[in-house]
A.B. asks: 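Provided herewith is a single structure, encoded as structure tokens, for subsequent inquiry.
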Amino acid sequence: MHFSDLGMIAQTLALVFALYAIASSALGALLDRPALVASGRRALYVVAAFLVTACASLILSFTTHDFGARYVYEHSSLAMPWQYTTTAFYSGQEGSLLYWATTLSLFAALAVTLHRRSPARLMPWVAVVLASILGFLLIALNLVSTPFARTSLVPLDGLGLNPLLQDPGMLVHPPMLLLGYMSFSVPFAFAIAALITGELDSGWLRSIRRWTLAAWTIQTTGLLLGAWWAYHVLGWGGYWGWDPVENAALLPWLTATAFLHSTMVQERRGSLKVWNLALIIATFALCIFGTFEVRSGIISSVHSFAYSAIGGVFLGFLAVVLLVSIGLFVYRLPRLRPEHEFDSVVSREGSFLLNNLLLTGIAFATFWGTLFPLLSSSFRGQTMTVGAEFYQQVNGPLFAILILVMGIGPLLAWRRASWTSVWRNFRWPALVAAVVAIALPLLGVRDFWAVIGLVICAFAATTILYEVWRGVRVRHGHGEGYPQAALMLFNRHRVRYGGYLVHMGLIVLAVGVIGGHFFQTQREAQLKRGESLTVAGYSLRFDRAFGESEAGADAIKAQFTLSRDGKTLRQIEAGQRTFAGFPDQPVSIISISTFGLDDVYVFVSSVDGADAASVRVFVNPLTPLVWMGGALMLLGGILCWWPERRRRPALIEQPVRREREAVAL
Amino acid sequence: MNWRTLLRQRSIQVALAVLVTVLAVWIVTFAVSARPRSVEQRTHDIASQLRCPICNGESVADSSTPIAQQMRSVIRQDVQAGQSDDQIIASFRTSYGDSILLRPPLGGFTAIIWFGPVVALLAGIAIVGVAAREWRRAQPAPVLAHSLDDEAAHDLSPDERARLMAVLRRELAEDEGLRYSSGKERL
């Protein structure tokens with residue numbers, strides 16, 4: 001027996017138990033039989049166990065080079081280093097589906113365990129929804145595209161892995177992004193369960209808050225890793241090309257971000273119930289849409305790694321998800337009345353509303369641009385491509401306003417803010433923004449839109465720093481040293497200050513994006529040995545070219561000396577790598593050197609003998625800030641997610657005592 | 001408050017003065033001393049509006065394929081020969097067809113891509129606007145955001161105000177697990 005046979009058996013049994021979990025949990029909820037509900041929960045554990053077994057079998061098939069399994073044959077070869085052989089299991093469509101199902105089963109098991117004590121009527125339905133999603137994935141795995149199919153003839157060696165995927169970035173980027181897509185299933189399951197049971201108060205929202213935060217953080221990581229991978233591999237000097245597949249990953253992130261904000265309004269004020277449900281359903285639907293888009297290959301993209309008939313299956317699932325959600329939604333609409341009306345637009349609620357408007361606006365524009373080629377080819381018979389330009393022109397201003405609102409919103413009071421407090425909170429940030437607005441043009445920044453963007457960033461960053469400073473100052477007034485005061489502030493109000501950290505990260509990232517977009521300089525040239533190319537003050541001298549043999553690949557590299565103002569900075573190497581079995585798909589070796597806040601990005605398009613090379617050099621000012629800002633966002637996301645310390649129970653009695661004291665005073 | 005009393009406030013005067021200074025600097029730097037774009041910049045701007053014919057959705061500016069390199073050098077030559085951006089793009093459009101354009105033109109069928117987001121955003125603003133009018137019609141809430149310096153707090157006698165401040169500060173400090181010292185610190 002082969003490992004792939006074991007995997008086949010495991011995934012078949014997983015399907016059986018997933019179907020049982022649906023039936024048992026649903027019957028348990030309908031007939032009010034706790035034993036059936038518990039049985040359904042345990043069935044989910046069994047599904048997880050079988051799927052982990054299936055995953056392990058697939059990995060073992062890869063590491064033992066069992067080329068009789070077609071998936072292993074198509075995605076690996078003997079020459080590949082072990083780390084790519086192991087991770088090749090999620091590089092193709094069948095394996096990534098298995099990876100998705102396995103991680104979802106683990107999350108589902110975790111969710112039903114952690115929330116055993118959540119509203120009892122809700123949990124069986126959460127289990128039903130999660131088991132149904134699992135059931136769908138398992139049906140697709142078993143009937144449409146299984147990674148365990150065998151060929152009658154066992155080939156001696158495999159075809160190998162797509163060279164673009166043989167990169168360290170690929171070890172982490174796809175699993176993170178798939179994990180992100182998957183983890184939005186849990187909030188979706190709670191939302192559907194709340195709709196089914198009609199328990200639409202804030203209970204379900206509280207239960208999913210941290211799940212959504214976790215999913216958001218994972219998705220952010222996936223997006224950042226994707227950008228980093230593109231920057232290091234694709235060779236056009238940028239990291240985000242508004243490619244349809246990138247857009248597909250950004251869409252659920254945008255709606256989830258909107259949800260994380262509007263959920264606060266519902267928790268505090270009991271309004272926006274309909275909107276929150278819609279956002280969480282939209283987020284999940286967009287995850288499915290993204291998978292459909294990537295897998296069906298209906299839209300041309302640089303991510304065209306795996307096409308198949310599975311696209312249609314996902315489209316069907318998407319239709320079911322939308323129909324069920326909308327049906328439940330309409331059915332429960334009478335119960336979704338707000339508890340409190342809004343008081344004023346100039347308030348925290350108002351700024352959340354604007355935030356949501358902008359985020360969904362960006363999401364819509366992105367969705368629209370992504371779908372447009374499809375529309376034009378079906379209505380006009382001609383495929384129009386929508387390039388980065390469209391997204392930059394539409395989404396750029398929206399993001400700028402979003403960052404402006406991000407600076408203002410958190411300092412507005414709930415319900416209604418007075419103009420006096422607005423003035424007091426914003427006079428210093430406004431002054432800093434004005435100083436930046438005057439300084440930048442005088443320092444030689446001549447692009448109007450870059451100045452506008454940077455001024456907005458300066459304003460928003462100052463509001464955040466000012467707010468943190470005021471918190472620290474109050475604590476310092478109570479006898480804490482400044483470092484301790486800052487630490488305690490972040491430690492005791494994790495959600496609030498974690499949120500500020502995320503905002504700060506986004507601002508830093510935005511400055512990096514502005515720098516790369518407006519101030520990038522690039523030149524291309526064919527250099528002979530000893531010749532130099534100067535770009536934005538950096539001088540690149542071509543020294544020599546040489547060949548190198550690596551594990552499973554051959555590399556041709558060109559060596560350069562990078563200098564500035566006559567001073568040698570460092571020696572760099574860039575070139576092309578050709579993997580065994582893929583002579584026509586060389587992968588570029590890009591050299592990125594960071595000096596302060598400048599990235600010097602060297603791409604060699606061809607090496608012509610030992611004495612000539614064609615190079616393209618980009619100098620990207622401020623681009624390192626993109627990664628620093630991203631790291632800050634992740635840190636903030638984790639801080640928000642980290643469990644709050646339990647409040648002391650004595651607090652319940654304290655107010656009474658305090659009131660008496662206050663009267664006595 | 002009408003605009004005359006508004007103008008008399010010092011804070012408003014300061015804000016206006018700063019605004020005027022910023023505008024003056026901007027007008028001088030952006031309008032008066034605008035620099036023409038360099039050949040490389042123009043080449044890049046034009047190339048990023050054209051689709052690389054053999055790639056998956058990459059622009060001529062981004063792609064590293066030989067054909068994209070050739071197209072870039074053609075653009076560079078045209079720029080140096082003194083053609084305008086529109087002329088160069090139009091010449092590519094006649095030889096490759098509409099599908100070479102990465103930026104859909106603003107006329108005819110492709111206009112809907114530009115108008116879609118705008119219409120959606122306006123609809124969103126309209127919905128929020130209508131909702132906001134309904135909220136305003138509902139009972140206005142008291143202003144909660146004032147600190148004790150605000151006009152809303154002026155009904156209190158100074159003694160009462162100081163006492164309430166002390167209570168508030170102590171409660172907040174206790175909530176935070178901080179040592180409470182008699183109210184010298186500012187909130």
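A, B, ... follow the sequence lines: proteins, then strands. Residue 1 opens every chain.
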A.B. asks: Out of A:Phe448, A:Trp242, A:Phe367, which one racks up the most heavy-atom pairs below 4.5 Å with chain B?
C.D. replies: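 So the answer, after comparing A:Phe448, A:Trp242, A:Phe367, is A:Phe448.
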A.B. asks: If you round to the nearest 0.5 Å, how far is CD of A:Glu389 from OG of B:Ser59?
C.D. replies: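 Going from OG on B:Ser59 over to CD on A:Glu389, the span is 9.0 Å.
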A.B. asks: Salt-bridged, A:Arg523 to B:Glu40, with N to O below 4.0 Å?
C.D. replies: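 Salt bridge: no.
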A.B. asks: The criterion is ring pair (Phe, Tyr, Trp, His ring centres under 6.0 Å); which residues satisfy it with A:Trp368, sequence neighbours excluded?
C.D. replies: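 Partners of A:Trp368 under the ring pair (Phe, Tyr, Trp, His ring centres under 6.0 Å) test: A:Phe364.
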A.B. asks: With a 4.5 angstrom heavy-atom cut-off, could you sort out which part of B:Ile125 is near chain A: side chain, backbone, both or neither?
C.D. replies: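 Both parts, backbone and side chain.
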A.B. asks: Tell me, out of B:Arg72, B:His44, B:Gln49, who's got the most heavy-atom pairs with chain A below 4.5 Å.
C.D. replies: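 Among B:Arg72, B:His44, B:Gln49, the one with the most close pairs to chain A is B:Arg72.
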A.B. asks: Measure distances from A:Leu431 to the heavy atoms of chain B and classify the residue's part below 4.5 Å as side chain, backbone, both or neither.
C.D. replies: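 For A:Leu431, the side chain is the part near chain B, not the backbone.
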A.B. asks: Side chains of B:Leu102 and A:Phe390, heavy atoms from C-beta outward: is any pair under 4.5 Å?
C.D. replies: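 Contact flag for B:Leu102/A:Phe390 side chains = no.
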A.B. asks: What residue, out of A:Arg470, A:Gln520, A:His476, A:Gln393, has the most heavy-atom pairs lying under 4.5 Å from chain B?
C.D. replies: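 Highest number of pairs under 4.5 Å: A:Gln393.
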A.B. asks: Using non-hydrogen atoms and a 4.5 Å limit, figure out which bit of B:Val22 sits close to chain A: side chain, backbone, both or neither.
C.D. replies: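 Backbone plus side chain of B:Val22, per the 4.5 Å heavy-atom cut-off to chain A.
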A.B. asks: Specify the closest pair of heavy atoms between A:Ala434 and B:Val18, including all atoms of both residues, with the distance to one decimal.
C.D. replies: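 Heavy-atom minimum between the residues: CB-CG1, 3.1 Å.
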A.B. asks: Is B:Gln41 in contact with chain A via its backbone, its side chain, both, or neither, using a 4.5 Å heavy-atom distance?
C.D. replies: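 Nothing of B:Gln41, per the 4.5 Å heavy-atom cut-off to chain A.
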A.B. asks: Name the option with the most non-hydrogen atom pairs under 4.5 Å to chain A; the candidates are B:Ile112, B:Leu121, B:Val118.
C.D. replies: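 Between B:Ile112, B:Leu121, B:Val118, the count favours B:Ile112.
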A.B. asks: What pair of heavy atoms forms the shortest contact from A:Val394 to B:Pro117, and how long is it?
C.D. replies: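 A:Val394 and B:Pro117 have their closest heavy atoms at CG1-CB, 4.0 Å.
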A.B. asks: Can you tell which part of A:Val451 gets under 4.5 Å to a heavy atom of chain B, answering side chain, backbone, both or neither?
C.D. replies: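 For A:Val451, the contact with chain B is made by the side chain alone.
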A.B. asks: Verify side chain to side chain contact (heavy atoms under 4.5 Å, CB included) between B:Gln69 and A:Arg616, making sure each step is shown before the conclusion.
C.D. replies: CA-CA 10 Å; B:Gln69 281 179 37; A:Arg616 206 163 173 207; over 6 Å; no
A.B. asks: Is chain B contacted by the side chain of A:Leu398, its backbone, both, or neither, given a heavy-atom distance below 4.5 Å?
C.D. replies: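 Answer is side chain: those atoms of A:Leu398 sit under 4.5 Å from chain B.
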A.B. asks: Check the pair B:Trp26 / A:Ile438 against side chain to side chain contact (heavy atoms under 4.5 Å, CB included), numbers first and verdict last.
C.D. replies: CA-CA 7 Å; B:Trp26 281 7; A:Ile438 294 170; over 6 Å; no
A.B. asks: Side chain, backbone, both or neither: which part of B:Thr43 has a non-hydrogen atom closer than 4.5 Å to chain A?
C.D. replies: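 Neither part.
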A.B. asks: So for B:Leu19, is it side chain, backbone, both, or neither that comes closer than 4.5 Å to the heavy atoms of chain A?
C.D. replies: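 Neither part.
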A.B. asks: Just so I understand: if I count every heavy-atom pair under 4.5 Å between each of A:Ser588, A:Ser614, A:Ala365, A:Pro441 and chain B, which residue has the most?
C.D. replies: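 Of the candidates given, the most pairs with chain B belong to A:Pro441.
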A.B. asks: Non-hydrogen atoms of chain B under 4.5 Å away: do they reach the side chain of A:Asn356, the backbone, both or neither?
C.D. replies: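 Nothing of A:Asn356, per the 4.5 Å heavy-atom cut-off to chain B.
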